[in-house]
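Below is one structure, written out as structure tokens; comments come after it.
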Amino acid sequence: MIRTRFAPSPTGSLHVGNARIAVLNWLLTRRHAGCFVLRIEDTDTDRNVSGAEAGIRQDLLWLGLDWDEGPGQGEYGPYRQSERAASYHRFAARLRDEGHAYPCFCAEGEDSLERRDRCACAALDPEAAPARAGGEPHTLRFRVPADRTIAIDDAVRGRVEFDSGEIADFVLLRSDGRPTYNFAVVVDDIEMRITHVIRGVGHLSNTPRQALLFDALGVERPVFAHVPMILGPDRQKLSKRHGAAGMAEYRTQGYHPDGLLNYLSLLSWSSPSGEDVLTRGQLVAEISLDRIGVADAMFDPARLSWLSAKHIERMTLDDLVAAVRPFVDDARFHLDDVELAAAVAATRTHYATFADVNAQLEAFFPQGEPHRIDSPVIDAAYAILSGIDEWNEDNLRVALKDIAKMSGVKGPALYQPLRRALTGREHGPPLGAVLFVQGRDLALTSLGTASESTSTNGDEN
Ligand code: GLU
């Protein structure tokens with residue numbers, strides 16, 4: 001069974017880059033009926049942001065990415081690095097006892113090759129060093145083997161080779177006892193039985209260090225898969241100025257989460273079917289590591305909106321009404337569920353986000369000052385509509401036919417003055433829907449005003 005992990009640092013909301021990594025891990029895990037682990041990499045305590053872990057969980061669940069193991073859930077935890085000190089110290093002791101690591105008394109924070117060349121710590125008598133280490137501040141450093149080619153068979157990039165001579169001995173435990181990123185990740189991946197490490201290409205340069213640690217610990221390395229970068233259209237590192245937002249913002253802006261899931265998956269992968277609009281089920285059925293390319297992806301907010309629109313188009317009316325409801329500006333639009341459903345049904349191919357509902361609703365209501373409409377249609381409409389028993393869409397459809405009969409007018413000559421009287425606009429949703437969504441009171445008031453101003457104007461002439 002494959003076991004994957006998503007390992008965010010709780011430093012903020014999920015952005016496009018790391019959400020895409022979570023999406024790929026989740027899709028591949030679900031495809032192979034594996035286990036998806038959420039691990040919180042919070043050792044860098046200065047950078048932790050309070051509430052960020054909760055935000056990340058919320059973002060993941062909004063995207064529909066559920067995890068099988070994570071903080072408080074699963075047998076290979078704890079799943080927060082800040083709670084795993086005992087494991088790091090146990091593995092560190094083993095590496096030291098087996099000669100793979102040594103206490104280093106040099107200044108911390110310097111892993112350069114120059115330091116290695118002038119440092120004598122690596123050569124300290126292994127018997128004497130522990131005694132000295134007991135009293136003096138020190139780090140624990142990994143002893144990088146000399147003259148070795150470290151080959152990584154990356155599932156995306158193919159074979160990548162590193163020369164161990166280019167890698168300086170690196171710190172495993174800081175002088176305050178906290179593990180470094182490279183060490184903690186390997187201990188965690190071992191204890192959490194991770195089989196596939198799927199992450200951004202930015203971590204490729206860390207991989208030889210991690211591979212050396214797996215080798216020194218005698219544990220089979222996981223499959224590594226390094227996914228290319230996402231760039232802005234100017235080929236620079238993706239940022240807000242390219243229109244990229246965090247998942248929390250996309251959620252509050254009303255994007256369809258399946259549109260985002262679809263978009264994020266296509267940032268590095270393409271469907272063998274050549275289709276762009278893919279449901280969650282199709283993505284799970286089709287995803288594979290060997291269709292992830294090595295070329296950097298280009299972020300395209302227009303395509304994201306387009307995919308969100310496509311997924312909204314595929315929703316049932318009931319689901320769409322429920323999804324737009326929280327976005328309706330209640331201060332401007334007082335609509336019950338039936339009225340909202342009628343408005344949404346009449347406009348349903350016009351949504352890129354759920355928040356578009358307000359712009360769509362505007363077209364159902366009057367804009368500007370009511371003005372005189374010189375047409376026999378107005379009086380006929382007033383007479384017929386004021387006689388309707390029950391203000392529902394069926395009755396309104398019949399009423400529109402009756403208005404045509406009574407006024408002797410049909411087609412545009414009927415609809416245009418009516419629409420102008422009701423909304424002040426030339427174009428908009430079907431009139432039956434407009435009448436229903438406005439409701440009896442507002443519709444009759446608008447028509448009354450339009451016909452009154454006709455007679456007032458007539459008197460003056
Ligand atoms: N915590 C790391 C990050 O946020 C991920 C580490 C990994 O995937 O190995 O980029």
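Here, residue 1 is the first one in the sequence, and each next residue gets the next number. Numbering of ligands and ligand atoms starts at 1, following listing order. In this text the structure is predicted, and so the values were computed from the model without any measurement.
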- Query: With ring centroids as reference points, do His242 and Phe299 lie under 6.0 angstrom apart?
  - Reply: no
- Query: Nearest protein heavy atom to atom 3 (C) of ligand 1, by residue and atom, and its distance?
  - Reply: His203 NE2, 3.7 Å
- Message: Quick check: Gln210 and ligand 1, any N/O pair under 3.5 Å apart?
- Response: no
- What about the rings of Phe365 and Phe333, do their centers lie closer together than 6.0 Å? yes
Would you mind writing out the side-chain donor-acceptor pairs for residues 243-251 within the sub-3.5 Å range, not counting sequence neighbours?
residue, atom, partner, partner atom, Å
Glu249, OE2, Lys240, NZ, 3.1
Glu249, OE2, Gly246, N, 3.1
Tyr250, OH, Ala245, N, 3.0
Arg251, NH1, Asp59, OD1, 3.0
Arg251, NH2, Gln58, OE1, 3.4

- Item | Those residues that, when tested against Asp318, pass side-chain hydrogen bond (donor to acceptor under 3.5 Å, both in side chains) (two or more places apart) | none
- Task: Sort out for me which residue in Asp189, Thr29, Asp188 forms a side-chain hydrogen bond (donor to acceptor under 3.5 Å, both in side chains) with Arg5.
- Result: Asp189
- Message: Please confirm whether the ring centroid of Tyr263 lies under 6.0 Å from the ring centroid of His256.
- Response: no
- Task: Report, in ascending order of atom number, the atoms of ligand 1 lying under 4.0 Å from any heavy atom of Glu41.
- Result: 1 (N), 2 (C), 5 (C), 6 (C)
- Determine whether any heavy atom of Tyr181 lies closer than 4.0 Å to an atom of ligand 1. yes
- Item | Nearest non-hydrogen protein atom, atom 8 (O) of ligand 1 | Arg5 NH1, 2.8 Å
- Starting from atom 5 (C) of ligand 1, which protein heavy atom do you reach first, and at what distance in Å? Ala7 O, 3.4 Å
- Under 4.0 Å from a heavy atom of Arg199: give me the atoms of ligand 1 that qualify, with their elements. 7 (C), 8 (O), 9 (O)
- Query: Any idea which atoms of ligand 1 are less than 4.0 Å away from a heavy-atom of Ser9?
  - Reply: 1 (N), 4 (O)
